[in-house]
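This report concerns only the one structure given below.
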Protein chains: 2
Amino acid sequence: MTIQTRRERERAERERLIVTAARELAEAEGWDAVTTRRLAEEIEYSQPVLYSHFKGKGAIMAAVAVQGCADLAEEMRAARTAAGSAREALAAVGGAYTAFARRRPALYDVIFTLAVDLPFATPEAPPALQDAFGELLQAVLPIAADGEDTGLLTETYWAGLHGLVTLMRSGRLPEEAHEQRLALLIGHFVPPGTS
Amino acid sequence: MTIQTRRERERAERERLIVTAARELAEAEGWDAVTTRRLAEEIEYSQPVLYSHFKGKGAIMAAVAVQGCADLAEEMRAARTAAGSAREALAAVGGAYTAFARRRPALYDVIFTLAVDLPFATPEAPPALQDAFGELLQAVLPIAADGEDTGLLTETYWAGLHGLVTLMRSGRLPEEAHEQRLALLIGHFVPPGTS
DNA sequence: CCGAGTTTCTAGCAGTGCTAGGGATGAGAG
DNA sequence: CTCTCATCCCTAGCACTGCTAGAAACTCGG
C-alpha cells in the first residue's frame with residue numbers, strides 16, 4: 001500500500017512540476033516557446049512522460065489556465081472587498097482584471113483566448129472559473145438597474161473588459177489611454193447617482 | 001514594354017488569386033486548414049510562388065484581413081445610414097458588427113485576433129481599417145455626452161462589441177443570449193433621453 | 001538471484017513554414 | 001534560324017511542431 005501511495009504522490013508531484021514549468025515558461029517567453037520538447041527538457045524527463053499525465057499539450061494548457069484563473073479570482077476578490085462604495089467596487093474589480101491581463105499576459109491568454117477544451121458557461125466548468133465570474137457578479141450586483149438580468153449584465157461588463165484587454169494587447173488599441181477607456185466603460189455601467 | 005506590362009498584370013492577377021483562395025479556404029474550413037501547401041495546390045502553383053508574392057503566410061493573412069475589413073466597413077455603413085435615430089444607428093452598427101463576426105468568423109478572426117503584423121492605431125493603418133473604425137465613430141458621435149472624448153468612447157464601444165463576439169465564439173459565453181447582451185451594452189452607451 | 005510488470009526512453013511519423021539550388025522556358029542578338 | 005542569357009518556377013530539403021509505437025531499463029515479489 002505504502003509503495004503505491006508513494007508512487008502516486010510522486011506522480012502527482014511530477015504533474016504539478018509539469019504545470020508550473022509550463023506556466024513559468026509561458027510567462028517568461030510566451031506560449032510559442034512552450035513546446036513539448038522544451039517542456040520535457042525543463043522537467044528533465046522525455047516527451048512521452050507528458051502524455052502519461054495529460055492527453056496532450058492542450059490539456060496542459062488547460063491545467064495552467066485553471067490554476068491561473070484561481071489567482072485572478074483571488075486578486076479580484078481582494079480588490080472588491082477593499083473597496084468602499086458599489087461604484088468603487090466595480091472599478092476596483094475592473095482594474096484588477098485588466099491589471100492581471102497586462103501583468104501576466106501569457107496566463108490571461110491561456111484562460112481567455114487560447115485553450116478552448118475547457119467547459120465554460122456550464123455547471124461542469126472548473127470552480128476557479130466560476131469563482132472568477134462570481135467575483136465579477138458580486139461587483140455588478142449592486143449597480144444593476146431594476147429589471148436587468150444581473151447574470152447577463154455581468155457577462156456584458158466582462159466582455160467590455162475582455163475587449164479592452166485583448167484589443168490593447170494585440171496592438172489594436174494604444175496602450176496609454178487604457179485607464180481612460182476603462183473609466184469610460186465603468187462610468188457607463190454605473191447608473192448616475194449611485195454612490 | 002507591353003510584354004513587361006502583361007507580366008505584371010499576370011502577376012497581379014495571381015496575387016489576387018492567392019488572397020481569394022486563402023480567404024475562401026479559411027471561410028470554408030478555418031485557418032488551421034490554410035497551409036502553404038494546401039494554398040499552393042489550390043492556386044495550382046508550387047509553394048515557393050507564394051513567397052515571391054508575400055513575405056510569408058502572415059502577409060497573406062494580412063491581405064485577407066484588409067480585404068475583409070473593407071466588407072465589414074461597408075456593411076456597417078449600410079446599417080448606419082439606414083437607421084433613423086442616433087440610438088438606432090448605434091444599435092444598427094453594433095448589430096452589423098456582431099452579425100459580421102458570427103457570419104464570417106474566419107474573416108473576423110484574421111482581422112481582429114490573429115494577424116498582428118498590421119499597423120493599427122496609427123496613420124499608417126490601411127484605409128479599410130480606418131474606414132471600419134470611422135463607421136463606428138460616426139455612430140458613436142451623436143450619443144457622446146459633454147466632455148467625453150469621442151475617439152476613446154468609440155474605442156470603448158468597439159471593445160465591448162469585440163469582447164462579446166470573441167467570448168461567445170470561443171464558447172465562453174452562451175450563444176443564445178447574445179441579442180440581450182448586445183442590447184444591454186447599447187443601452188448603457190446611450191444616455192437616457194436620447195432619441 | 002531471477003522473472004514479471006511497470007516505467008521511461010529512443011526513434012520515428014506526418015505535418016508545419018520556409019528556402020536553396022537547379023532546370024525549363026522564353027526573349028533578344030547575330 | 002540558332003545561340004546566349006535571364007527570368008521564372010519547381011523539386012528537394014531544413015528545422016521545427018505535436019504525438020506515438022516499441023524497445024530498453026528499472027523495480028519489486030517470490
Side-chain angles (χ1 to χ4, degrees), chain A residues 1-19 21-23 25-26 28-65 106 109-110 114-118, chain B residues 1-19 21-23 25-26 28-65 106 109-110 114-118:
Chain A
M1 255 322 202
T2 54
I3 287 176
Q4 190 149 5
T5 57
R6 190 210 65 203
R7 287 193 166 164
E8 286 175 2
R9 197 176 56 235
E10 286 174 356
R11 260 192 80 81
E13 180 69 25
R14 197 172 59 180
E15 190 157 316
R16 272 177 26 209
L17 188 65
I18 293 173
V19 176
R23 179 176 54 73
L25 190 51
E29 307 184 29
W31 281 106
D32 283 349
V34 183
T35 68
T36 55
R37 283 171 179 79
R38 183 78 186 277
L39 206 46
E41 187 183 343
E42 211 77 29
I43 64 170
E44 296 176 313
Y45 281 93
S46 67
Q47 274 183 292
V49 167
L50 301 173
Y51 294 88
S52 75
H53 287 272
F54 298 94
K55 202 177 57 187
K57 189 187 172 185
I60 298 177
M61 294 170 73
V64 174
D109 279 346
V110 82
L114 299 178
V116 195
D117 46 351
L118 270 177
Chain B
M1 256 321 203
T2 54
I3 288 176
Q4 190 150 4
T5 56
R6 190 209 65 203
R7 289 195 165 161
E8 286 175 5
R9 195 176 57 237
E10 286 174 355
R11 260 192 79 82
E13 181 68 25
R14 197 173 58 182
E15 189 158 318
R16 272 177 26 208
L17 188 64
I18 293 172
V19 176
R23 178 175 55 73
L25 189 50
E29 308 184 28
W31 281 107
D32 283 349
V34 184
T35 69
T36 56
R37 281 170 181 80
R38 182 79 185 277
L39 205 46
E41 186 183 345
E42 212 77 30
I43 64 170
E44 296 177 313
Y45 280 94
S46 67
Q47 274 183 293
V49 168
L50 301 174
Y51 294 88
S52 76
H53 287 272
F54 298 95
K55 203 178 58 189
K57 188 187 172 185
I60 299 176
M61 294 171 73
V64 174
D109 280 347
V110 82
L114 298 179
V116 195
D117 46 351
L118 271 177

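Chain identifiers are assigned alphabetically (A, B, ...) following the order of the sequence lines, protein sequences preceding nucleic acid strands; residue numbering begins at 1 within each chain.
At a threshold of 4.0 angstrom between heavy atoms, the contacts of B:Ser46 include nucleobase atoms, whether or not backbone atoms are also involved. Here B:Arg38 lies out of heavy-atom contact (under 4.0 Å) with every strand.
Distance, A:Leu39 CG to D:dC16 P: 17 Å, rounded to whole Å. Protein atom NZ of B:Lys57 is 8 Å distant from nucleotide atom C1' of C:dG17, rounded to whole Å. Summarising the geometry, the separation between CG on A:Asp32 and C1' on D:dG18 is reported as 14 Å, rounded to the nearest angstrom. Counting to the nearest Å, the P atom of C:dC18 and the CD1 atom of B:Ile18 are 13 Å from each other. Counting to the nearest Å, the P atom of C:dT8 and the CD1 atom of A:Ile43 are 10 Å from each other. Put simply, CG on B:Leu25 is 11 Å from P on C:dT16, counting in whole angstrom units. One can place CD of B:Glu44 at 14 Å from P of D:dC9, the figure rounded to the nearest angstrom. Between A:Leu50 atom CG and D:dG18 atom P there is a gap of 10 Å when expressed in whole angstrom units.
In this structure, of C:dA20, D:dT17, D:dT20, it is C:dA20 that holds the atom nearest to the side chain of B:Pro48. For A:Arg37, the listed nucleotide lying nearest its side chain is C:dC13; candidates were D:dA21, C:dG17, C:dC13. Taking every side-chain heavy atom of B:Tyr45 into account, D:dC10 is the closest of C:dG17, D:dG18, D:dC10. Closest contact between the side chain of A:Val49 and the listed nucleotides D:dC19, C:dT19, C:dT8 involves C:dT8.
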### Query
What do the steps show when you test A:Arg23 against A:Val19 for side-chain contact (heavy atoms from CB on, under 4.5 Å), and what is the final call?
CA-CA 6 Å; A:Arg23 179 176 54 73; A:Val19 176; 5.5 Å; no

### side-chain contact (heavy atoms from CB on, under 4.5 Å) assessment of B:Val49 paired with B:Arg14
CA-CA 10 Å; B:Val49 168; B:Arg14 197 173 58 182; 3.6 Å; yes

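If you take CD on B:Gln47 and CD on B:Glu41, they are separated by 10.5 Å, rounding to the nearest 0.5 Å. Remark: B:Thr36 OG1 to B:Tyr51 OH distance equals 4.5 Å, nearest 0.5 Å.
One finds a side-chain N or O of B:Arg14 lying less than 4.0 angstrom from the OP1 or OP2 phosphate oxygen of D:dC9. Distances shorter than 4.0 Å separate some side-chain N or O of B:Thr36 from OP1 or OP2 on C:dG17. Listed pair B:Tyr51 / C:dT19 fails the phosphate criterion, with no side-chain N or O lying under 4.0 Å from OP1 or OP2.
Counting atom types as modelled, B:Gln47 pairs no side-chain N or O with a base atom of D:dC10 as donor and acceptor under 3.5 Å.
The minimum heavy-atom distance between B:Leu114 and B:Met61, with the atom names listed, is CD1-CE, 4.0 Å.
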